[in-house]
Amino acid sequence: MRLLNKRPVNFTAGLIACVLTACSQTTTENSTQFDTKTEKPNIVIFYVDDLGYADLSSYGAIGVKTPNVDRLAENGVRFTDGHSSAATCTPSRYSLLTGEYAFRKKAQVLKGDAALLIDPAQPTLPSMLKKAGYTSAVVGKWHLGLGDGTKPIDWNSEIKPGPLEIGFDYSFLLPATGDRVPAVYMENHKVINLSANDPLYVDYTKKIGDRPTGYENPELRRQVADDQHNKTIINGISRIGWMQGGKSAEWKDEDFYTVFTDKANQFIEDNKNNPFFLFFSFHDIHVPRLPHERFIGKSEMGLRGDAIVQMDYITGQVINKLEQAGILDNTLVIFTSDNGPVLNDGYEDQAVELLGQHQPGGVYRGGKYSAYEAGTRVPTIVHYPNRVKPAVSNALMSQVDIYASVANLLGIELAENEAIDSQNHIAAWLDGSVSGREELIEEAFTLSLRQGDWKYISPSTNKDGWIRDKGIESGLINVPQLYDLSKDPSERHNIAALHPQRVKQMQQRIEQLVAKTQR
């Protein structure tokens with residue numbers, strides 16, 4: 001292995017301004033050849049919500065600037081064919097943390113009072129890292145359920161199982177999402193700032209308590225909402241579900257940018273002398289979009305663009321903390337998104353009207369919820385100064401592979417029933433010249449298969465009216481679809497009829513992958 005020739009790193013004015021070296025390493029497709037026994041990188045995953053492929057200026061955004069994330073891209077590997085495993089949030093989170101496709105769990109977008117989706121007995125990325133001596137934290141949006149499902153969640157006592165029962169050592173959460181009740185913070189096993197004189201209750205079937213709702217008191221709303229998002233009003237925004245009590249514990253959406261950043265940076269400070277894993281799970285740029293006033297007007301696209309600016313600022317603050325702690329060089333940073341973009345996802349905040357020339361999914365068709373490419377093709381950046389040299393990679397990559405790739409990096413052998421869909425592509429993650437997957441599943445409300453530039457979408461009879469109501473093409477039709485992305489990246493010309501054998505083979509391959517039960 002050739003020695004790394006480091007150059008100094010400097011961060012100023014809250015911006016990432018690091019200069020990376022042309023570091024080199026000898027790699028094969030399945031391994032890295034350096035001593036992980038003496039060098040364990042910290043791991044930070046920035047998991048943005050609903051960020052589209054072209055929503056960063058480094059990916060061609062118009063009307064918004066993202067200098068902090070752009071510097072990660074400039075000094076790391078920027079992937080042009082990186083994918084979340086699903087086109088919706090709960091399934092993609094499940095896959096990232098378990099190394100398993102979410103359809104195996106029949107995972108759907110969860111209600112705010114749903115049971116924990118991940119069985120505490122199931123291996124996870126943080127529990128695997130614990131074997132190598134890592135301390136792990138999740139900060140931000142959770143949306144993977146809480147409790148064991150045997151009885152309703154008691155929000156006024158300890159809530160178990162949750163993140164700590166699946167391998168994390170610390171958690172500070174939105175229990176579900178910003179548009180769902182309960183609109184409170186939860187630290188480890190407890191909702192914080194609750195008053196015993198005003199206990200918290202949640203219901204997703206009927207109204208409880210006397211709080212105003214969007215459908216009864218529309219004049220109290222700051223944003224017009226659809227029927228689904230028109231229940232209990234918190235901070236001037238009507239949410240999904242009904243909430244009673246818990247007034248002292250309520251969040252203020254505009255405070256997310258400091259609350260979560262401070263919790264993440266405190267975790268870094270507390271663990272800077274030992275290897276750690278931080279899963280920073282953004283609420284931005286999910287609805288409701290309520291960026292702090294300091295970011296209002298900082299883009300040309302209204303609240304959605306301003307929320308992107310806020311997300312970029314948060315990223316810079318956390319990276320700046322890593323640099324100040326003297327550990328950025330030995331930190332593997334993965335920046336990506338849980339699924340593709342959506343403009344109107346329940347609230348009217350002028351995201352459509354103020355879009356201008358910007359195309360959130362770039363040339364790719366569809367978006368969040370969609371079987372087309374923009375559903376799962378998302379910005380994906382790896383930054384690791386000790387090991388990664390700047391590059392742009394067109395390797396086919398999937399978030400489901402982070403699990404096995406990190407395990408290989410640390411020399412951890414996986415069991416046959418562990419992370420069964422995760423492949424080791426650590427060499428491709430760290431080297432922009434190395435190829436990635438030969439094929440991958442894209443999960444929406446049907447399954448699609450990528451094999452190189454070929455994209456096959458299975459026929460579907462699912463109803464898609466609600467997706468089209470959001471201005472997104474679902475890709476759900478009852479005939480096979482086949483596209484050659486090398487010639488037709490926007491998936492406009494279905495050539496399935498011209499290639500019946502390929503269609504048959506790709507459908508059979510999907511069925512084989514669905515039937516898979518071990519590594």
Side-chain angles (χ1 to χ4, degrees), residues 4-12 14-21 23 25 32 34-48 68-79 96 125-126 128-130 132-140 168-170 260-282 312 314-336 380-391 399 402-403 405-412 426 429-432:
L4 177 69
N5 177 25
K6 288 188 183 178
R7 298 184 204 164
V9 182
N10 180 35
F11 281 63
T12 58
L15 295 181
I16 304 168
C18 64
V19 180
L20 296 183
T21 69
C23 65
Q25 64 182 33
T32 60
F34 60 90
D35 188 0
T36 57
K37 293 181 180 179
T38 58
E39 183 176 1
K40 294 179 181 178
N42 305 304
I43 301 168
V44 176
I45 297 178
F46 289 108
Y47 211 48
V48 191
N68 291 297
V69 180
D70 294 347
R71 292 195 185 278
L72 289 177
E74 292 165 6
N75 297 296
V77 180
R78 179 172 68 84
F79 293 91
L96 187 151
L125 182 58
M128 179 267 288
L129 287 169
K130 195 180 295 286
Y134 279 69
T135 301
S136 297
V138 53
V139 173
F168 288 103
D169 299 289
Y170 174 77
F260 293 129
T261 304
D262 289 349
K263 292 295 181 180
N265 284 348
Q266 186 61 55
F267 174 77
I268 292 170
E269 177 66 26
D270 292 344
N271 294 278
K272 63 185 179 182
N273 295 321
N274 297 292
F276 64 81
F277 166 45
L278 171 62
F279 182 41
F280 194 105
S281 182
F282 283 86
D312 180 74
I314 294 169
T315 303
Q317 293 298 298
V318 176
I319 293 294
N320 200 38
K321 177 63 178 178
L322 293 168
E323 193 277 335
Q324 291 172 357
I327 56 177
L328 178 64
D329 281 3
N330 192 42
T331 299
L332 168 62
V333 174
I334 301 174
F335 178 97
T336 189
T380 305
I381 298 165
V382 169
H383 181 275
Y384 181 9
N386 274 358
R387 294 296 169 192
V388 170
K389 62 182 179 181
Q399 294 169 10
I402 291 173
Y403 194 125
S405 299
V406 168
N408 177 267
L409 181 69
L410 298 174
I412 297 174
I426 189 61
W429 286 115
L430 301 183
D431 186 340

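Along the sequence shown, residues carry numbers from 1.
Taking all atoms of both residues into account, the shortest heavy-atom contact from G432 to A391 is CA-CB, 3.9 Å. G133 approaches P275 most closely through the heavy-atom pair O-CG, 3.8 Å. The shortest non-hydrogen separation linking P385 to T331 is CD-O, 4.1 Å.
Note: I314 CD1 to T261 OG1 = 4.5 Å, rounded to the nearest 0.5 Å. A distance of 6.5 Å separates CG of L410 from CG of L129, quoted to the nearest 0.5 Å. Here the straight-line distance linking atom NZ of K389 with atom CG of D431 works out to 6.0 Å at 0.5 Å rounding. How far CD1 of I43 is from CD1 of I402: 9.5 Å, rounded to the nearest 0.5 Å. Distance check: I327 CD1 to N42 CG gives 4.5 Å after rounding to the nearest 0.5 Å. For the atom pair CG of L278 and NZ of K263, the computed distance is 13.5 Å after rounding to the nearest 0.5 Å.
Scanning for ring-ring contact (aromatic ring centres under 6.0 Å, His included) contacts around Y134 gives an empty result, with sequence neighbours left out. In terms of the side chain to side chain contact (heavy atoms under 4.5 Å, CB included) criterion, residue partners of K130 (sequence neighbours excluded) are, by chain and number, D169. Partners of D70 under the side chain to side chain donor-acceptor pair (under 3.5 Å) rule, at least two apart in sequence or in another chain, are S57, S58, T66. Applying the side chain to side chain donor-acceptor pair (under 3.5 Å) criterion to S405, with sequence neighbours excluded, gives W429. With sequence neighbours left out, F279 forms a ring-ring contact (aromatic ring centres under 6.0 Å, His included) with Y47. D270 pairs by the side chain to side chain donor-acceptor pair (under 3.5 Å) definition with Q266, not counting sequence neighbours. Take F267 and apply the ring-ring contact (aromatic ring centres under 6.0 Å, His included) test, not counting sequence neighbours, and it matches F276.
The side-chain heavy atoms of V318 and N265, taken from C-beta on, include a pair separated by under 4.5 Å. Side-chain atoms of L332 and R387, non-hydrogen and from C-beta on, never get closer than 4.5 Å to each other. By the 4.5 Å heavy-atom criterion applied to side chains, F168 and F277 are counted as neighbours. At a threshold of 4.5 Å between non-hydrogen side-chain atoms, the residues Y403 and L96 do not count as touching. Counting heavy atoms from C-beta outward, T315 and L72 have side chains that approach closer than 4.5 Å. Counting heavy atoms from C-beta on, the side chains of P126 and V138 never come closer than 4.5 Å. Between I319 and F46 there is a side-chain heavy-atom pair separated by less than 4.5 Å.
A donor-acceptor distance shorter than 3.5 angstrom exists from the side chain of K40 to the backbone of A132, with no hydrogens or angles considered. Although no hydrogens or angles enter the test, the distance criterion places a donor-acceptor pair under 3.5 Å between the side chain of D312 and the main chain of N68.
Here the options are T336, I334, I45, the test is side-chain contact (heavy atoms from CB on, under 4.5 Å), and the partner is Q399; only T336 passes.
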Give the C-alpha distance, both sets of side-chain angles, the deciding distance and a yes or no for side-chain contact (heavy atoms from CB on, under 4.5 Å) between V388 and V382.
CA-CA 8 Å; V388 170; V382 169; 4.2 Å; yes
